[in-house]
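Working notes, structure below.
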Amino acid sequence: MKVIRAKSAGFCWGVERAVQVAREEAQGGQKRVYTDGPLIHNSQMMKALSSEDIREVGDYNSQSQIDIAPSNEKDSVVVVRAHGISPERRKYLKQLGLPFRDGTCPDVGIIAGKIKLHAEKGFHVVIFGDPEHPEVIGLMGYANEKGHVVSHADDIESLPALNGKIALVSQSTMFTHEYKEVAQQLKERFEEVVVFDTICGATKERQSDLILLVEQGAEVIVVIGGKHSANTRKLAKLATAQGRPTFHIETSKDLDPNVLSNYQIAGVTAGASTPEFIIREVCEVLEQIETKI
Ligand code: SF4
């Protein structure tokens, strides 16, 4: 079958940077790197990094206490995940006494900065995102008890009465059209609302490239990425909304050649934390599928 690959498929600059930070610290396995929860949301990449002694400790949300066994053989360092962490978590990690490097994506850092600044100025802060996602959990920590999370425009009516100014930000990987709806509803209910466009450029690019795949004739869409990856899940949702059969897979092993052979053209995209070696392998397997029609 013919394969069209989205230009932006794969690592975004924030993920690239977090991996680079961890690798720099690991020095090819000479030092041990502990990441507080997954450095990025891709288990195949985390497995590949473990061969350089980059190890995930703690839990998915970076909330539990972490047990770092002292290593006599080599120096260790703690690296913060691309999704960022709350100020409290930062304090906790630093008091563990190990050297500390920050792998937080600068785009997430900008959102945290806006929240902190506005909370300090007395604003209420509304975050559009998934309350269970580590990025949102981390961001809430900057809101100084003045934060609220909404995951849908309908949630606006359930917010308590908020007196005074409100700053609205979004988790970096949300849909622009949904964010606009949230902003609209918030402005209808409250008088003084300041809206910040904090959906990152990488997310917007991946979403518009997906629409392009459909325009270029993709009959079926294959979205590659971790099941926990918010931006990958969003891409799969967007592809389904375009009326195309969509398969969210983690690796080429998840492909069903029998089903896919019913199509002539596959559009392939991948989340911001999907490594190149997986994307290439998936494209190769797809190209070898003989179309029935
Ligand atoms: S998806 Fe956006 S916010 Fe998340 S790591 Fe990539 S560039 Fe940063």
Side-chain angles (χ1 to χ4, degrees), residues 9-69 71 74-94 96 98-112 129-130 132-139 141 171-173 200 202-203 206 224-234 250-251 270-279:
F11 278 8
C12 62
W13 77 290
V15 163
E16 195 100 55
R17 185 181 167 277
V19 170
Q20 191 191 334
V21 165
R23 281 189 158 142
E24 265 170 29
E25 289 301 328
Q27 296 171 14
Q30 287 185 56
K31 284 206 276 176
R32 178 166 297 162
V33 168
Y34 292 109
T35 71
D36 180 25
L39 180 70
I40 61 171
H41 278 161
N42 187 279
S43 50
Q44 291 76 27
M45 190 63 200
M46 290 306 294
K47 199 169 161 209
L49 290 174
S50 69
S51 66
E52 296 171 47
D53 213 355
I54 297 169
R55 305 176 175 202
E56 173 190 340
V57 287
D59 63 332
Y60 165 73
N61 290 330
S62 290
Q63 286 186 309
S64 65
Q65 303 284 303
I66 52 181
D67 187 15
I68 299 177
S71 159
K74 38 172 133 166
D75 293 337
S76 306
V77 56
V78 172
V79 171
V80 172
R81 59 195 301 164
H83 316 96
I85 48 171
S86 67
E88 291 73 26
R89 188 67 178 178
R90 185 170 297 261
K91 215 183 285 171
Y92 167 74
L93 292 178
K94 284 191 169 172
L96 293 172
L98 293 177
F100 179 91
R101 273 289 297 275
D102 194 349
T104 304
C105 172
D107 280 349
V108 176
I110 289 171
I111 311 176
D130 171 1
E132 302 298 324
H133 192 278
E135 178 183 326
V136 174
I137 292 169
L139 291 175
Q171 181 182 342
S172 59
T173 48
C200 74
T203 295
R206 275 154 189 73
I224 318 163
K227 298 287 182 197
H228 277 312
S229 160
N231 75 86
T232 309
R233 291 210 310 252
K234 284 268 182 304
E250 290 205 340
T251 69
S273 47
T274 310
E276 180 60 28
F277 69 88
I278 295 184
I279 304 172

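Quick note: residue numbers are just sequence positions, from 1.
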Test item: E52 and R23 side chains (from C-beta on) under 4.5 Å apart, heavy atoms: yes
Mind listing the side-chain donor-acceptor pairs of residues 13-21 below 3.5 Å, one per line with the distance, residues two or more places apart or on another chain?
| residue | atom | partner | partner atom | Å |
| --- | --- | --- | --- | --- |
| W13 | NE1 | D107 | OD2 | 3.4 |
| R17 | NH1 | T104 | O | 3.0 |
| Q20 | NE2 | E24 | OE2 | 3.2 |

Tabulate below the donor-acceptor pairs under 3.5 Å that side-chain atoms of residues 42-49 make, not counting sequence neighbours, or state none.
| residue | atom | partner | partner atom | Å |
| --- | --- | --- | --- | --- |
| N42 | OD1 | Q44 | N | 3.2 |
| N42 | OD1 | M45 | N | 2.9 |
| Q44 | NE2 | E250 | OE1 | 3.3 |

pair R32-V77: side-chain heavy atoms closer than 4.5 Å: no
Distance in Å, I279 CD1 paired with T251 OG1, rounded so as to fall on 0.5 Å steps: 13.0 Å
Spacing of CG belonging to D36 relative to CD1 belonging to I66, to within rounding of 0.5 Å: 4.5 Å
C200 side, atom SG; I110 side, atom CD1 - distance, nearest 0.5 Å: 10.0 Å
Closest approach of R81 to G37 (non-hydrogen atoms, all atoms of both residues): NH1-CA, 3.7 Å
Salt bridge present between D75 and K31 (N-O < 4.0 angstrom): no
Side-chain donor or acceptor of Q171 paired with backbone N/O of D130 under 3.5 Å: yes
Chi angles and distances behind the side chain to side chain contact (heavy atoms under 4.5 Å, CB included) call for Y60, H228: CA-CA 9 Å; Y60 165 73; H228 277 312; 3.7 Å; yes
Exam field: side chain D59 to backbone S64, donor-acceptor pair closer than 3.5 Å: yes
Aromatic plane relationship, H41 with H133 - under 30° parallel, 30 to 60° tilted, over 60° perpendicular: perpendicular
Step-by-step side chain to side chain contact (heavy atoms under 4.5 Å, CB included) determination, L39 to V79: CA-CA 8 Å; L39 180 70; V79 171; 3.9 Å; yes
Check: S86 side chain, R89 main-chain N or O, donor-acceptor pair, under 3.5 Å: yes
Heavy-atom donor-acceptor pair, S229 side chain to T232 backbone, under 3.5 Å: yes
I85 CD1 to N61 CG distance, which is reported to the nearest 0.5 Å: 13.0 Å
F11 to T274 - nearest heavy-atom pair and separation: CD1-O, 3.4 Å
Minimum side-chain heavy-atom gap V57-D67 below 4.5 Å: no
pair E135-S172: side-chain heavy atoms closer than 4.5 Å: yes
Heavy-atom closest contact (P99 atom, S76 atom, distance): CD-O, 3.2 Å
Evaluation steps, side chain to side chain contact (heavy atoms under 4.5 Å, CB included), between V108 and H83: CA-CA 7 Å; V108 176; H83 316 96; 5.9 Å; no
Shortest non-hydrogen contact from I40 toward S273: CD1-O, 3.8 Å
